[in-house]
Amino acid sequence: MTGRKQKIAICWFRRDLRLADNPALCVALDHGVPVLPIFIDDQGQDGQPQQGGASNVWLHNSLAALHKDLNESLVLFKGTPRAVFEQLKAEFELVAVHWNRMYEPEAIARDKALKQWFADDDVEAHSHNGSLLFEPWTIEKKDGGPYKVFTPFYKKGCLNAEPPRAPLKAPQQINAYEGKIDGAASLDELNLLPTRDWGKSIVEGWDISEAGARARWDDFAENGLFNYKEGRDLPGKPFVSRLSPYLHFGQISPHQLWAALDHYSQDRNVEHFRSELGWREFSYYLLYHFPTLPKENFQPQFEGFTWAKDELRVKRWQQGKTGIPIVDAGMRELWTTGYMHNRVRMIVASYLTKNLRQDWRDGLAWFEDTLFDADLASNSASWQWVAGTGADAAPYFRVFNPVLQGEKFDPEGEYIRTHVAELRDVPKSYLFAPWEAPKEMREKYGLDGTKYPEPMVDLKKSRQDALAAYDAHKNARAEAKESEI
DNA sequence: TTTTGAGTTGTTCGA
DNA sequence: GTCGAACAACTCAAA
């Protein structure tokens with residue numbers, strides 16, 4: 001190549017797959033040179049984690065949509081960011097590189113090293129805040145340490161802090177670099193879709209794009225928000241936002257939602273939805289300050305607690321064949337749609353960790369693989385919360401009774417019937433605990449295990465066993481402590 | 001340093 | 001059927 005290299009600025013898309021309210025994109029466009037929008041798939045490389053199957057399906061569709069929104073100018077790569085940037089640096093004069101921050105421990109390590117590398121090479125590189133309302137390092141207790149309880153974190157820490165910025169408008173025009181780039185990959189070459197058909201069926205009903213995120217919000221604002229505080233507990237009703245996968249991949253930002261909520265009267269429903277965004281912040285905050293959150297019990301007193309390791313139990317839970325209707329409905333919703341209603345997530349998590357006494361990490365791994373919205377921060381914080389090992393966790397004796405939960409939150413059985421076909425015709429009086437149905441009814445509907453399985457474990461006994469296991473652990477610890485003295 | 005009040009989402013038991 | 005108490009202490013946050 002002769003002459004001077006072409007000047008460009010790079011906007012590195014990651015977990016911010018949108019044009020509106022995208023600080024990195026806005027600033028990249030300000031340099032007055034063509035912007036090269038790129039995405040790098042570095043899963044499994046250089047210590048970066050592998051994303052789950054459902055997440056990759058979502059990502060595939062997101063990238064296709066973003067490419068379209070960018071007038072087909074998005075350039076994809078597979079490999080390590082370092083290698084990609086080395087190549088781009090050889091080919092172009094990099095005026096600046098911009099990205100929006102990620103907060104997983106491995107991502108932080110990667111980005112930190114890259115920043116140093118850019119600094120050593122005199123390339124301007126800047127990270128921006130695109131996905132959190134409050135940066136984790138800005139919220140601290142009076143004594144300077146991190147909060148471990150949600151309410152003071154949210155009320156004192158967040159609500160008294162500098163308010164989140166107003167969302168940025170989408171750029172009116174994008175001066176994108178449109179030449180050919182060596183080493184770029186096609187979307188198919190990223191191989192994000194699974195080989196089985198599963199990838200096709202789960203995307204039904206989702207518009208996986210920035211416009212789709214908008215539409216989802218509009219629909220929720222009109223039909224769910226006004227009834228959110230109580231309605232969000234009813235899995236058979238459309239009162240939850242279902243925005244979580246869009247938030248995870250950044251097709252919509254929390255700033256956009258936070259600001260949009262200002263347009264409504266600040267009643268308890270709006271307050272509650274805001275606080276759910278607060279929970280998302282809290283999860284990221286915990287992961288930032290306690291990076292072992294996905295791997296180790298947050299509460300150290302659970303060290304050495306033994307879970308009843310049983311692969312068959314985990315497998316039947318995954319397949320939605322536990323014999324507990326609301327649990328099976330949830331697990332099947334997850335498998336067939338890539339999503340599970342929040343109330344049911346708690347029920348199935350409580351059932352796995354308490355009634356089946358399986359390690360919360362097994363549940364976490366399954367959710368990571370099958371949820372569209374699999375988000376390391378929220379997922380680890382929430383599993384630990386249910387298991388009782390987490391921050392601000394439920395007391396150990398709080399074991400959900402899935403029969404009562406079903407009767408209370410899915411009273412007409414709509415949710416169960418939607419997801420567990422075998423139970424569609426079972427009368428309501430036995431829908432939540434089919435093992436209690438009279439013999440002839442059990443035979444008629446195949447509730448004796450011919451169509452629908454009998455319960456894996458007795459609910460009452462397994463509850464007592466869980467409480468006993470906790471007690472035993474506590475006593476063992478107390479004794480160990482005593483013998484130290 | 002000590003003290004005080006509080007802590008997302010539940011269940012069971014007995015009056 | 002409804003209601004309050006018990007479940008078990010412990011940690012956190014702030015005064």
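Side chains included, hydrogens not; waters and symmetry mates left out as well; all remaining heavy atoms used. The sequence lines fix the lettering, A, B, ..., with proteins before strands; numbering per chain opens at 1.
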Is A:F397 touching bases, backbone alone, or none of the nucleic acid, heavy atoms closer than 4.0 Å?
base
Within the distance-only criterion (no hydrogens, no angle test), does the side chain of A:R232 pair as donor or acceptor with the backbone N or O of A:V240 below 3.5 angstrom?
no
Would you kindly give the CG-to-P distance between A:L467 and C:dA6, to the nearest whole Å?
18 Å
Can any side-chain N or O of A:N355 pair as donor or acceptor with the backbone N or O of A:S462 at less than 3.5 Å?
no
Would you say the ring centroid of A:W383 lies under 6.0 angstrom from that of A:W360?
no
Give one of base, sugar-phosphate or nothing for A:V386, where a contact means two heavy atoms less than 4.0 Å apart.
nothing
At a heavy-atom distance below 4.0 Å, what parts of residues 138-159 of chain A sit against DNA chain C?
A:K141, A:K142, A:P146, A:Y147, A:K148, A:V149, A:P152, A:K156
Considering every strand and a 4.0 Å limit on heavy-atom distances, what is the contact class for A:L404: base, sugar-phosphate, or nothing?
sugar-phosphate
Involving DNA chain C, stems made of at least three consecutive Watson-Crick or G-U pairs, both distances under 3.5 Å:
B:2-7 with C:10-15, B:10-15 with C:2-7
Does the ring center of A:F134 lie less than 6.0 Å from the ring center of A:Y285?
no
How are the rings of A:Y154 and A:W258 set relative to one another: parallel (under 30°), tilted (30 to 60°) or perpendicular (over 60°)?
perpendicular
Are A:Y430 and A:Y445 an aromatic pair by the rule of ring centers under 6.0 Å?
no
Of A:C26, A:P167, A:S131, A:P254, the one forming a side chain to side chain contact (heavy atoms under 4.5 Å, CB included) with A:D21 is A:P167
Would you check if the distance from the ring center of A:W279 to the ring center of A:F150 is below 6.0 Å?
yes
Taking the six-membered ring for Trp, are A:W58 and A:F249 parallel (under 30°), tilted (30 to 60°) or perpendicular (over 60°)?
parallel
Measure the distance from CD on A:Q299 to P on C:dA9 and round it to the nearest whole Å.
16 Å
Distance, C1' atom - from C:dA8 to B:dT11, rounded to whole angstrom:
15 Å
Distances for protein N or O near nucleotides 13-15 of chain B N or O, under 3.5 Å:
none

